[in-house]
Amino acid sequence: MLKVYNTLSRKKEQFKPINDKNVNFFVCGPTVYDYMHIGHAKTYIQFDVIVKYLRFKDYNVFYLQNITDIDDKIIKKAQNKEVDPLKLAHKYEKYYHEDEKSLKINAVSKHARATDYIPQIIDQVKRLIKKGYAYKISDGYYFDITKFKDYGKLSGRTALEAEDAVSRIDDSSEKRNIGDFCLWKFYIPGKSESNEPYWETDLGKGRPGWHIEDTAITETNFGPQYDIHGGARDLVFPHHEAEIAQIEAASGKKPLVRYWMHTGFLNVKGKKMGKSLNNFVTVREITKKYKAETIRFFYLTSHYRSPIDFNKKALVKAKNSLQRIDEFIQNIKTNPQKDDLKLIKRTKKKFFKSMDNDFDTPAALASIFTFIKKSYKNNLGGEKTIKFLKEINTIFNTFQFKTKKIPQKVKDLNQKREHYRKEKKWDKADQIRKKINKLGYRVEDTKEGPILKSK
Ligand SMILES: [Zn+2]
């Protein structure tokens with residue numbers, strides 16, 4: 001039985017989709033004004049694995065992600081660079097997809113641009129006005145949080161705090177309440193930024209607020225209620241709280257979402273990695289140093305809800321652990337032994353039990369390491385073992401199954417070494433062993449003769 005931790009109820013609940021085996025899954029996507037950093041990558045990799053696991057369990061998941069391509073940060077950056085904001089956004093959107101690809105993130109069914117949903121946004125705002133939740137002031141339409149009784153039910157609060165992700169668009173001295181947020185911002189010549197994009201609509205010339213973009217996208221694709229909404233922890237308030245208020249007020253149906261899932265932060269020396277602290281590393285930088293598999297593995301060694309500290313030591317540790325698994329696979333491929341079907345079955349059971357427990361990837365990985373340890377100890381592992389690991393890899397996307405080709409040069413050196421060994425010229429044989437090591441390979445002497453392995 002799959003259990004999912006729900007931020008709304010603050011406990012693990014049995015997973016029951018609204019419509020049988022069909023799952024509508026939405027995750028807050030990027031605001032495209034800069035390269036993806038590895039803090040974002042944590043969220044996107046962890047949801048990539050969660051969705052792949054659900055699919056593995058035969059759920060038919062529609063994974064939707066928004067692209068915020070209209071936003072204050074985009075407008076500001078475009079102004080500094082003297083370029084068109086939408087052009088700038090779509091350039092970074094392209095980079096985002098390139099970075100997803102480089103990290104083997106490919107579970108998303110559909111990416112939806114906010115600017116493709118302007119009519120639906122207008123429709124939602126109009127419904128909120130009609131029902132008395134939205135009001136107009138000189139610079140736009142706002143949501144009155146005091147009108148929505150449930151405001152605060154997700155986060156347990158209604159007031160802003162210092163660490164909240166807020167948008168400049170929500171600022172206005174004329175607002176009824178400090179926490180009210182913008183639904184539609186007017187374009188006012190002389191007051192708005194000169195390069196600000198706007199749309200001519202029934203509500204006046206302007207652009208959408210941040211929170212309404214997501215609810216317009218989800219309502220259009222899923223309707224007023226759906227199964228899972230995911231995102232990073234800092235989006236709980238006010239962003240997700242505002243989403244609930246908007247759609248539940250507009251549709252009169254609740255809950256908007258059955259399960260709210262939030263990922264823990266990626267920290268650097270105890271502080272959240274982010275643009276504002278300027279302590280971020282981009283995906284482009286990190287993939288120059290580490291393989292996508294290593295980065296994915298690094299995130300899977302901690303639970304998605306937990307924070308994880310980013311440092312070189314932890315990444316190297318992940319790299320080494322992953323190498324042990326890859327080496328195990330290579331060993332079986334070059335030198336297959338008997339499979340222990342009972343051990344595979346037991347490991348599978350443990351693995352899925354961990355994943356069913358709110359996607360506990362560290363525990364799932366621990367069962368794999370125990371499996372490898374036992375297999376090594378008893379000299380086990382053949383075709384069925386490989387099949388089992390391949391199955392797991394459809395979820396994790398971290399292991400290597402390609403047999404590495406050993407270069408001819410290394411093979412020649414190995415033969416030479418054997419030759420010296422037969423002549424008992426140990427010194428010379430040892431010199432060649434060192435040469436082989438330098439080329440990234442090592443020799444293991446077995447009863448059947450020497451076996452070459454990559455380091
Ligand atoms: Zn969002």
Practice problem: Considering only NZ, NE, NH1 and NH2 on the basic side and carboxylate oxygens on the acidic side, decide whether D58 and K21 come within less than 4.0 Å. | Solution: no
Practice problem: Apply salt bridge (charged side-chain N to carboxylate O under 4.0 Å, His left out) to the pair R207 and D72, showing each step before the final yes or no. | Solution: CA-CA 10 Å; R207 63 184 171 101; D72 290 328; 2.8 Å; yes
Practice problem: Report the C-alpha distance between Y259 and L8 in whole Å, list the side-chain angles of each, state the deciding distance to 0.1 Å, and finish with yes or no for side-chain contact (heavy atoms from CB on, under 4.5 Å). | Solution: CA-CA 7 Å; Y259 307 91; L8 190 64; over 6 Å; no
Exercise. Could you tell me how the ring of F56 sits relative to the ring of F352: parallel (under 30°), tilted (30 to 60°) or perpendicular (over 60°)?
Key: parallel
Self-check item: Full working for salt bridge (charged side-chain N to carboxylate O under 4.0 Å, His left out) between K387 and D339
Solution: CA-CA 11 Å; K387 198 178 151 235; D339 287 304; over 6 Å; no
Quiz item: Centres of the F181 and F143 rings: under 6.0 Å?
Solution: yes
Quiz prompt | Short N-O contact, K348 and E391, less than 4.0 angstrom | solution = yes
Quiz prompt | Ring centres under 6.0 angstrom apart (Y304, Y53) | solution = no
Exercise. Give a yes or no on whether a salt bridge exists between E193 and K76, defined as a side-chain N under 4.0 angstrom from a carboxylate O.
Key: no
Quiz item: What pair of heavy atoms forms the shortest contact from A114 to E213, and how long is it?
Solution: CB-OE1, 3.4 Å
Quiz prompt | Cationic N near anionic O, under 4.0 Å, D358 to K12 | solution = no
Quiz item: With the threshold set at 4.0 Å, does a side-chain nitrogen-carboxylate oxygen contact exist between K147 and D180?
Solution: no
Exercise. For the pair E98 and R284, find out whether any cationic side-chain nitrogen is under 4.0 Å from an anionic carboxylate oxygen.
Key: yes
Quiz prompt | Partner of F25 by ring-ring contact (aromatic ring centres under 6.0 Å, His included), out of F62, Y63, Y226 | solution = Y63
Quiz item: Is D356 paired with K3 through a side-chain N to carboxylate O contact shorter than 4.0 Å?
Solution: no
